[in-house]
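Everything below concerns the one structure shown next.
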Amino acid sequence: MHGPFSRSRRSSGRGRGRRRAAGMVATALAGALALTLPAAASPSTGEVEQTRAEAAGLGLGLPNLPGLPSITVDLQVLAINDLHGALEPPTGSGGQVTHDHGDGRTEAIDAGGVEYLATSLREARKGNSRSVTVAAGDMVGATPLISALFHDEPTIEALNALRMDVVGVGNHEFDEGWRELLRKQDGGCHPEDGCYVEDREFEGADFPFLAANVVHEKTGKPITAPYTIKRMKGASVGFIGVTLEGTADIVTQEGIEGLKFLDEVETIDTYAKQLKKRGVNAVVALIHEGGYPANSAYNADCDADGGGLSGPIVEIAEKTTPMVDVMVTGHTHEAYVCTIPDPAGNDRLVTSGQSNGRLYTELNMKYDLLRRDIVRTSVEGTNHVVHRDQPKARDLTRLVDFWAELAAPIANEPVAWISEDIRQDRTVPETPLGDLVADAQLAHAQGIDDSAEIALMNPGGIRTDLVYAASGDEGDGVVTYEEGFAVQPFTNYVHLIDLTGEQLLQVLREQVSGPNEGSNKILQPSEGFEWTLDLTRSGADRVVADSVTVNGEPLDADRVYRVAVNSFLAGGGDGFPTLAEGANPVVGGIDLDALIDHLGEVSSPSAPLAAPAADRITVIR
């Protein structure tokens, strides 16, 4: 028997034959849609009629299995990750992307700002009737003053204006605690600070936050929806959102009390099965965990340039069920579009769009209306620069200007003067800005207890550079409160604790062993605390024990030292459990205030501050 596409079945009326074939397939399609889905997931009459019309007039594909035709339509997914409330164009290295020209030359391109991001996304959607916009975590938290001063309500409003459809949670969504995350979802005035403008109440997010692997310890139920299904003219796609399992190690414990963070792979597999039971075979995972490409340029060919991708996302991708068609990732602030084989050996696209809204990822694919699934081999991904030479979206400009005006009296206050850039860089063990922040915390601690000798700062808590060129309208080296806030936006407190020399050495070893082995968690030291890091060794042995000195004296294993750390580290955060064992704790002031006070003391208009030398850690390579 010949099927409707059989070449041996011909008609002298070729137009009538085509119309008849199209009608047969459209009828079969409508029946298939009705029969293969549970009632709750069945497409609406309008969806079926739309699909019938497209099948009859537009979208007939070629058969790819005997007796079962393929009717495909185009599907677009636009993705961002790690926005961190960067409403205004970010400055310094956090506002640039690297373009590889392919001939040995690279170029730094200024990028980002939600006014430009909105324009980019709106332009990308044109001509795509089935388009969905998603994010893979850290939309809020570690945000600039314009957003953080108002508990990130401005960022949620901006995401609404960007027509965000789905957001998977990241670790920074928990910076103010999980209950505050739910307020961001549902709306309402802040429980302590209230509403910021009379007769203007925060309405919450127009999109769902997905937290499939964040569950209540007692009930095991997720704190938000684990997945959502987007239905687009007959195409149904499931989105599952997870954050990294290690979130509890890198956020303040008070905000996640009573919660558990489950394994990413097991969680995604569980909900992919649930989606399949609901008749949804097309699945996209939004995973706030990432990797490191061999080439850091946004336009590098991850698969062709050699080296591919390394980092935690590789193992996650290799183990996650083949039911997941695409993985949109984040957390590492890197740019990549890579293929990683799934457990069945089939290539699967894994993407990340850097951070701060500098890039967006465009994913184009075919959706098979009969099989209700994404055609895996059709998936293509590209990272696009959010250029600043394009028009701004006027509605986003009005939104940014509104919140900037409210923040201006605090944001524009001068707090320091610098003579050059003072930068942070998480790819190297020690940085000038890291040393400056540690010195500021030591100075603050000594104002409370003059026996304090050491301060240690985690590099992940330093969010951006102090940039001379961005300071003041005339480049006069002025550092504003807003710029200082951008460096340390977490509102941690400075803690003073007692540690023995033996414990201090263990802390240094925890930088390069256990969960931190292979990552860059080198603590930034205050002046007078020095040691050697030997990268030719492995694990804890990388810390040369007899090289550690305090104010020029060898570390004494039995002596007690008074040490300053922020509240995050004091709780054992970032994989430093020994710091949580510190004795005689005293809680000082906010870390940002310590930095602002220190900057004011060590700089002036006539004597601007130069960058510290970053020579306290000797590195052997």
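Predicted, not measured: the structure shown is a model, and the values here were computed from it. Numbering of residues begins at 1 and proceeds along the displayed sequence.
Ring planes of His172 and Phe490: parallel class, angle under 30° (limits at 30 and 60°). Note: His216 and Trp178 have perpendicular aromatic rings, judged against thresholds of 30 and 60 degrees for the angle between ring planes.
Salt bridge absent: Asp325 and Arg348 never bring a charged side-chain N and a carboxylate O closer than 4.0 Å. Using a 4.0 Å cut-off between charged nitrogen and carboxylate oxygen, Glu176 and Lys184 count as a salt-bridge pair. Electrostatic pairing of Glu380 and Lys366 does not count as a salt bridge here, judged by no charged N lying under 4.0 Å from a carboxylate O. Taking a cutoff of 4.0 Å between a charged side-chain nitrogen and a carboxylate oxygen, Asp165 and Lys230 qualify as a salt bridge. Using a cut-off of 4.0 Å between Lys/Arg side-chain N and Asp/Glu carboxylate O, Arg376 and Asp342 are scored as salt-bridged. Lys276 and Asp373 are not joined by a salt bridge, as no carboxylate oxygen comes within less than 4.0 angstrom of a charged side-chain nitrogen.
Ring-centre distance between Tyr298 and His99: below the 6.0 Å cut-off. Ring pair Phe174/Phe261: centre-to-centre distance below 6.0 Å.
Enclosure of atom CD in Glu203 is not indicated, since only 12 or fewer non-hydrogen atoms of other residues, nucleotides or ligands lie within 6.0 angstrom.
Using a 4.5 Å heavy-atom threshold, the side chains of Gln390 and Val386 count as touching.
The shortest non-hydrogen separation linking Val385 to Ala111 is CG1-CB, 3.8 Å.
Partner His333 forms a side-chain hydrogen bond (donor to acceptor under 3.5 Å, both in side chains) with one of Arg426, His84, Gln354 and no other, that one being His84.
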